[in-house]
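Inspection log for the structure reproduced underneath, given as C-alpha cells.
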Amino acid sequence: MKRSFYDRPVLDVARDLVGCVVSHEGCSGVIVETEAYHDSEPASHAFVGLTPRTKTLFGPPGYAYVYRSYGIHALLNAVSEPEGVGAAVLIRALEPVEGIALMQARRRVERVQGLCSGPGKLTQALGIGLEHNGTDLLRGPIVIEDRAGAWRDVDVSVDRRIGITKAADLPWRFCAAGSRFLSRRVVS
DNA sequence: CATGGGATTGACT
DNA sequence: GTCAATCCCATGC
C-alpha cells in the first residue's frame, strides 16, 4: 500500500480498504467492514478541532489512530486525506487469515467467525493497543496490504454507521457483501 | 480541578 | 432485550 492510497477522500479510502489485509506480528485478516469519519461531521472525534487527542487524526495520511473506547477497548483507524484534515477510516471487522490459534488464545474464543467481528475484538485478537497510536501503516508494526486474489473485485455494500448518536443517518459504513465475519448484518 | 460522555463488549434475563 | 465495566480527555467552573 502506498501513502497516496490514504491521501484521498475518506469515503473512497473506506470503500477501497474492504478486501485489503491488516497484519500485526504474524496475525492477519481481510478487512470486511469499515466506517468513514471526517472533521466536517459531529460523529468524528476530529469535529472538535485539533487537540492532544486528535493530533494523529489531523496528521499526515497512512498512520494509525488508535484510541480507547468506553474505557475498555482499543479501536483502530487509518488516517486519511491530506495533513491538516481530520479524517480516518475505522476498521470494524476482519475475516481471520493468519495466526488464528494466537487470536483464539488472546480472545478466549474458539469460533473463527467471532474472533474479529467488531472493532474492539479485532484489536484484541491482533494484539493492537494504544501504544500503536501514531505508528506508520507503511512501515509497521501494523501494516495493510492491497487486495489480492478473489478479493480484488469484492462487492461492497453500503450502510449507516453503527453505535453513534450524531450524524447517524450518513451512509458511511462499507461491508464486503455477504460476509459472515461482520460485526452486524447490513440493513437493506 | 470535577464532571460526563462515549466509533463496545459480554454476561445475564 | 437490558446493563455495567472502565478510562481518556474535552469542557466548564
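Each chain gets a letter, A, B and so on, in the order its sequence line appears, and its residues count up from 1. What you are looking at is a predicted structure, and each value in this text was computed from that prediction instead of being measured. Hydrogens, waters and symmetry mates play no part in the numbers below; they use all other heavy atoms, side chains included.
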Other residues, nucleotides, ligands: >12 heavy atoms within 6.0 Å of Asp146(A) CG
yes

Euclidean distance, atom CG of residue Asp159(A) to atom P of dA7(B) [Å, nearest integer]:
17 Å

Atom-pair distance (CD1 on Ile72(A); C1' on dC9(C)), nearest Å
17 Å

Rounded to whole Å, CD of Glu33(A) lies from P of dT8(B) at a distance of 10 Å

Out of dT8(B), dA10(C), dG10(B), which nucleotide sits closest to the side chain of Arg92(A)?
dT8(B)

Residue-phosphate contact under 4.0 Å: Ser69(A) side-chain N/O, dG6(B) OP1/OP2
no

With the side chain defined as heavy atoms from C-beta on, Leu75(A) is closest, among dT9(B), dA10(C), dA7(B), to dA7(B)

Integer-rounded Å distance: dG5(B) P and Lys166(A) NZ
10 Å

It should be established whether Arg68(A) places a side-chain nitrogen or oxygen under 4.0 Å from OP1 or OP2 of nucleotide dG6(B).
no

Taking atom P of dA10(C) as reference, at what distance in whole Å does atom CZ of Phe47(A) sit?
15 Å

Within this structure, what is the CG-to-P distance between Leu122(A) and dA7(B), rounded to whole angstrom?
17 Å

With a 4.0 Å cut-off on N to O distance, would you call Asp136(A) and Arg3(A) a salt bridge?
yes

Assess whether a salt bridge exists between Glu81(A) and Arg8(A), defined as any Lys/Arg side-chain N lying under 4.0 Å from an Asp/Glu carboxylate O.
no

Ignoring hydrogens and angles, does a donor from either the side chain of Tyr67(A) or the base of dA7(B) sit under 3.5 Å from an acceptor on the other?
yes

Considering Watson-Crick and G-U wobble pairs with both distances under 3.5 Å, what does dA2(B) pair with?
dT11(C)

Would you kindly check if the NZ (Lys) or CZ (Arg) of Arg92(A) is within the cone defined by 45 degrees around the ring axis of Phe174(A) and under 6.0 Å from the six-membered ring centre?
no

